[in-house]
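Chain identifiers are assigned alphabetically (A, B, ...) following the order of the sequence lines, protein sequences preceding nucleic acid strands; residue numbering begins at 1 within each chain.
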There are 2 protein chains.
Amino acid sequence: MTAGKTPGMEPEKASARLRTAGLRPTRQRVALADLLFRQGDRHVTAESLHGEAKAVGCKVSLATVYNTLHQFTEVGLLQQVVVEAARFYFDTNLGDHQHFYDEEDGALTDIPAGTIAVSGVPAPPEGTQIARVDVVVRITRN
Amino acid sequence: MTAGKTPGMEPEKASARLRTAGLRPTRQRVALADLLFRQGDRHVTAESLHGEAKAVGCKVSLATVYNTLHQFTEVGLLQQVVVEAARFYFDTNLGDHQHFYDEEDGALTDIPAGTIAVSGVPAPPEGTQIARVDVVVRITRN
DNA sequence: ATAGCTGCAAATGCTTTGCAAGGCC
DNA sequence: GGCCTTGCAAAGCATTTGCAGCTAT
């Protein structure tokens, strides 16, 4: 067992990145940053990252993983991807249209079909087909 | 106050629509369909529709509203719109790229920046600005 | 020394489920 | 009559919160 050892081999890089972002490089944050950024582009959820941390012997609570992911997002180290509905919105407009979504008040506004064009959609991975292409234009108040 | 009266004035139309879709036109479904489809395009959540139903004096349980909205969606009377994250996915790729999302296993795959182009995005409503434009290509297994 | 972090457990909010009673064909 | 629906209350899940104790600077 290697529990207790530093999980990564380049914690300094992670530390520096955190410092630059204005975050205190705590053991937990360094370990999570190391997991996130050592490998190339990747997608994680709070749970999956928590699992990885445990797997490399780093004790972190799930709550801290959530905090850390949000902090990293705030300082621009990560991006969030929205693909599953937390709250279900239903639309009586069945056409192939898109939406403005006001993140502050949750308001949804139609963008009529034919206004927005999406081009260059690549072929889907083998064995799959495109069910639909969702476009959400997120807006905020000035 | 008109509480207690039939909420809609064209329940027959709603009834017919339900029958065509293969759904039994129960009092609750007719009332909800009537609320949904009488007016033009609209967006609702389970809660907002439940509130409307109560407001016009129709007793429906929230569970039934959920069931009904899902059934309507299955038969193509409604479309779901995904704008809020139920489960948070975080991406270490900060570029302006898009994603394939496999609805069956939850897998997320990057579509490299520069592959997809979105054109014709209209000006945002007054007093707002575009924070970002999300594109999700939803795929299913063949 | 001290402001900031972490971890635990309880709480939250939306959605789903199980099951008995009721309604539509 | 028989199968589908409804309604209630309890359960489920991911995420958030409150607070006491710990830690980096």
Side-chain angles (χ1 to χ4, degrees), chain A residues 4 6-7 11-12 14-33 43-51 53-54 57-75 77-78 80-90 103 106 108, chain B residues 6 11-12 14-33 43-51 53-54 57-75 77-78 80-90 103 106 108:
Chain A
T6 303
E12 295 164 16
S15 253
R17 202 194 283 245
L18 291 176
R19 235 181 269 275
T20 302
L23 292 172
R24 221 188 248 186
T26 64
R27 170 173 38 268
Q28 293 87 334
R29 295 214 267 233
V30 171
L32 294 176
H43 305 108
V44 301
T45 62
E47 270 195 15
S48 76
L49 187 59
H50 186 223
K54 267 201 261 187
C58 170
K59 294 178 196 309
V60 201
S61 75
L62 187 54
T64 296
V65 174
Y66 274 104
N67 285 336
T68 303
L69 287 172
H70 286 139
Q71 290 156 349
F72 283 11
T73 303
E74 271 166 36
V75 300
L77 255 30
L78 291 175
Q80 272 187 51
V81 186
V82 177
V83 286
E84 278 172 25
R87 158 172 253 173
F88 286 61
Y89 283 81
F90 295 88
E103 310 207 80
L108 212 50
Chain B
T6 303
E12 294 163 16
S15 253
R17 202 194 284 245
L18 291 176
R19 236 180 268 276
T20 302
L23 292 173
R24 225 187 246 184
T26 64
R27 169 173 43 269
Q28 294 86 335
R29 296 214 267 232
V30 171
L32 294 177
H43 305 108
V44 302
T45 62
E47 271 194 16
S48 76
L49 187 58
H50 186 224
K54 265 200 262 187
C58 170
K59 292 177 198 309
V60 201
S61 76
L62 186 55
T64 297
V65 174
Y66 274 104
N67 286 336
T68 303
L69 286 172
H70 286 139
Q71 290 155 351
F72 284 11
T73 303
E74 271 166 35
V75 300
L77 254 30
L78 290 177
Q80 273 187 51
V81 185
V82 178
V83 286
E84 278 173 25
R87 159 172 251 173
F88 286 63
Y89 283 82
F90 294 87
E103 310 205 82
L108 211 51

Would you please confirm or rule out a distance under 4.0 Å between OP1 or OP2 of [N] and any side-chain N or O of [X]?
| X | N | value |
| --- | --- | --- |
| A:Thr26 | D:dA24 | no |
| A:Ser61 | C:dG7 | yes |
| A:Arg27 | C:dT6 | no |
| A:Arg29 | C:dC5 | yes |
| A:Gln71 | C:dG4 | no |
| B:Arg24 | D:dT6 | no |
| A:Tyr66 | D:dT16 | no |
| B:His70 | C:dT16 | yes |

Nearest-nucleotide pick for A:Phe88, side chain only, options being D:dT25, D:dT15, C:dT15: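 Nearest nucleotide to the side chain: C:dT15.
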Nearest-neighbour nucleotide for the B:Pro25 side chain, C:dC25, D:dC8, D:dT17 considered: C:dC25
Check: B:Pro25 main-chain N/O paired with B:Arg19 side-chain donor or acceptor under 3.5 Å: no
Heavy-atom donor-acceptor pair, B:Ser48 side chain to B:Val44 backbone, under 3.5 Å: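 No, because the side chain of B:Ser48 does not come within donor-acceptor range (under 3.5 Å) of the backbone of B:Val44.
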Give the rounded distance in Å between these two atoms: [atom1] of [X] and [atom2] of [N].
| X | N | atom1 | atom2 | value |
| --- | --- | --- | --- | --- |
| A:Lys59 | D:dC22 | NZ | P | 16 Å |
| B:Lys54 | D:dG7 | NZ | C1' | 13 Å |
| B:Leu49 | C:dT15 | CG | P | 12 Å |
| A:Tyr89 | C:dT15 | OH | C1' | 15 Å |
| B:Gln28 | C:dG23 | CD | P | 9 Å |
| A:Leu62 | D:dT16 | CG | P | 10 Å |
| B:Glu84 | C:dG13 | CD | C1' | 11 Å |
| A:Leu18 | C:dC5 | CG | C1' | 13 Å |

Touch class at under 4.0 angstrom, heavy-atom based, for B:Ala86 against every strand present: sugar-phosphate
Sugar-phosphate, base or nothing in reach of B:Arg87, heavy atoms under 4.0 Å: sugar-phosphate
5'-most by nearest nucleotide on DNA chain C - A:Gly22 or B:Arg19: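 Here A:Gly22 is the residue nearer the 5' end.
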Test side-chain contact (heavy atoms from CB on, under 4.5 Å) applied to A:Leu32 and A:Thr26, A:Leu49, A:Leu69, the passing residue: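 It is A:Leu49; the other options fail the test.
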Mutual orientation of the aromatic rings belonging to A:Phe88 and A:Phe90 [parallel < 30°, tilted 30-60°, perpendicular > 60°]: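 Plane angle under 30°, so parallel.
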Nearest-nucleotide comparison on DNA chain D, the residue closer to the 5′ end among A:Thr45 and B:Ala63: B:Ala63
Heavy-atom side-chain contact between B:Arg29 and B:Leu23 under 4.5 Å: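 Result yes, sub-4.5 Å side-chain heavy-atom pair found.
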Minimum heavy-atom distance A:Glu84-B:Val82, with the two atoms named: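 Distance-wise, the nearest heavy atoms are C-CG1, 3.6 Å.
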